[in-house]
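Below: the structure, in structure tokens.
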Amino acid sequence: MKLLYFAWLKTKIGTAEEELNPPPEVDTVAALLDWLAARGGGHAEALADRNALGVAVNQEYARPEDPVGPDDEVALFPPVTGG
Amino acid sequence: MKLLYFAWLKTKIGTAEEELNPPPEVDTVAALLDWLAARGGGHAEALADRNALGVAVNQEYARPEDPVGPDDEVALFPPVTGG
Amino acid sequence: MIRVQREDFDLGAELAALTAGNHKIGGLAVFVGLVRDVVGEQALGAMTLEHYPGMTEKMLERIEAEAKQRWPLEASLIVHRTGRLEPGERIVLVAAASRHRQAAFEACQFLIDWLKTKAPFWKLEETESGPRWVEARAGDDQAAERWKKRDPDAAE
Amino acid sequence: MIRVQREDFDLGAELAALTAGNHKIGGLAVFVGLVRDVVGEQALGAMTLEHYPGMTEKMLERIEAEAKQRWPLEASLIVHRTGRLEPGERIVLVAAASRHRQAAFEACQFLIDWLKTKAPFWKLEETESGPRWVEARAGDDQAAERWKKRDPDAAE
């Protein structure tokens with residue numbers, strides 16, 4: 001699974017992109033966020049407040065209950081501030 | 001008194017501008033319009049429907065009860081359609 | 001700033017000059033009116049814009065001043081053309097710049113709505129069935145009405 | 001049309017190209033967002049716009065398509081810059097052209113309101129007290145909300 005981090009999530013986690021292999025039971029956005037937070041360190045810190053967190057799966061906005069799988073590109077980011 | 005006519009009022013009256021000397025009792029916009037209409041011909045035709053008529057005295061929008069005098073510039077025109 | 005002129009305007013140059021050097025501006029809202037080639041069901045060959053020199057400038061200045069009083073504008077511009085214009089040609093440019101976009105958008109709409117109902121311009125259209133003076137649109141009166149609610153006597 | 005680019009855009013050329021040859025257009029509404037030199041109480045030296053390449057273009061295309069579905073547009077354009085921008089520089093251009101001005105204005109506001117809440121851009125500001133990621137404004141959410149009432153699930 002390809003993980004992308006933007007804005008301050010990138011800074012806190014310390015990378016813009018990483019390849020991870022969560023176990024098969026991590027099959028939803030919510031489960032993935034739990035699994036990432038459990039890694040501790042920058043991941044735990046970046047995921048401390050999930051209310052404001054935006055998630056996209058394969059470049060589409062996703063909700064906690066949406067499915068994720070090993071071949072997906074999952075992006076985590078703060079609320080958007082363009083324009 | 002200097003009279004100016006715009007758009008179709010100019011066409012109906014047959015001139016864009018004329019110098020007229022209404023009698024002293026013609027001292028309001030309403031009285032002026034009555035006096036002009038009474039001249040007959042193009043003036044009467046142009047002033048047949050006063051509902052839609054715009055009037056400016058010295059380049060300010062004026063109402064029927066507003067005063068007019070010999071030194072004024074009075075303009076008559078249909079509703080504006082710029083922009 | 002307001003201007004009434006026969007010649008076309010350079011949109012890029014006008015807007016660049018309007019915002020140049022003012023780094024308080026966060027949003028610029030612009031409206032450009034153009035001559036359409038169809039009016040109602042008829043093909044339009046051209047239109048001629050007549051106006052009341054002197055009063056036009058006075059009214060445009062007043063409309064701009066009113067916008068500046070209602071919204072915190074950093075810059076504003078009205079340029080209106082006169083004379084004969086063909087389809088595709090620009091008729092009018094209004095622009096409003098402010099710190100935030102909402103004020104810029106509202107002021108820009110106010111400028112064009114009030115211009116359309118208060119500035120002494122008249123359009124003569126050349127249609128297939130001959131020349132025809134454009135009649136005022138009820139929609140324009142309604143658009144102007146919404147700004148009137150705030151201040152019933154302003155600029156009249 | 002939508003475009004994401006580092007370089008500045010030529011406003012006059014963009015708008016001329018957008019309306020060129022289409023004589024059905026009666027009104028063109030435009031918004032340009034610029035970098036301000038003050039944010040809150042602090043002086044801003046510059047800002048850097050980060051984005052999510054691929055998803056950004058996808059979202060901008062969807063926002064434009066949604067505008068075309070809601071209003072009878074003859075033309076529309078979104079150009080958004082990325083990278084480091086200094087005060088006075090242009091960030092974004094949105095434009096909508098229609099037969100009548102009301103549709104052009106509404107679509108233009110819709111484009112920028114939705115862009116601000118849906119397109120994956122993030123601003124990093126360089127202030128006196130160091131770099132700072134811009135937080136989402138409640139006002140932007142409210143501005144986007146008014147378009148949501150019409151169609152709660154669109155483009156999400």
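Each chain gets a letter, A, B and so on, in the order the sequences are listed, and its residues count up from 1. Values below: every heavy atom of this structure, side chains too, minus hydrogens, waters and symmetry copies. Everything quoted here is computed from the prediction, not taken from an experiment.
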Could you grab the distance from atom CG of N22(C) to atom CG of L34(D), nearest 0.5 Å is fine?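 Answer rounded to 0.5 Å: 9.5 Å.
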
What option among G26(C), G33(C), A97(C) has the most heavy-atom pairs under 4.5 Å with chain D?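 Option with the top pair count is G26(C).
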
Heavy-atom pairs under 4.5 Å with chain D are the metric here; pick the option from L11(C), I25(C), L28(C) that has the most. L28(C)

Proximity breakdown for V94(D) and chain C, heavy-atom pairs closer than 4.5 Å: neither

How about [X] and [Y]: do any of their side-chain heavy atoms sit closer than 4.5 Å?
{"X": "C108(D)", "Y": "F31(C)", "answer": "no"}
{"X": "R36(D)", "Y": "H23(C)", "answer": "no"}
{"X": "K24(D)", "Y": "V38(C)", "answer": "no"}
{"X": "R101(C)", "Y": "D140(D)", "answer": "yes"}

Only pairs of heavy atoms separated by less than 4.5 Å count here; which of A95(D), A16(D), P87(D), G12(D) has the most with chain C? P87(D)

I'd like to verify something: which residue of I112(D), V35(D), D37(D) has the highest number of heavy-atom pairs under 4.5 Å with chain C? D37(D)

Is [X] in contact with chain D via its backbone, its side chain, both, or neither, using a 4.5 Å heavy-atom distance?
{"X": "Q102(C)", "result": "side chain"}
{"X": "V92(C)", "result": "neither"}
{"X": "L15(C)", "result": "side chain"}
{"X": "A143(C)", "result": "side chain"}
{"X": "R90(C)", "result": "neither"}
{"X": "D10(C)", "result": "neither"}

More than 12 heavy atoms of other residues, nucleotides or ligands under 6.0 Å from CD of E135(D): is that the case?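 Counting other residues, nucleotides and ligands, CD of E135(D) stays at 12 neighbours or fewer.
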
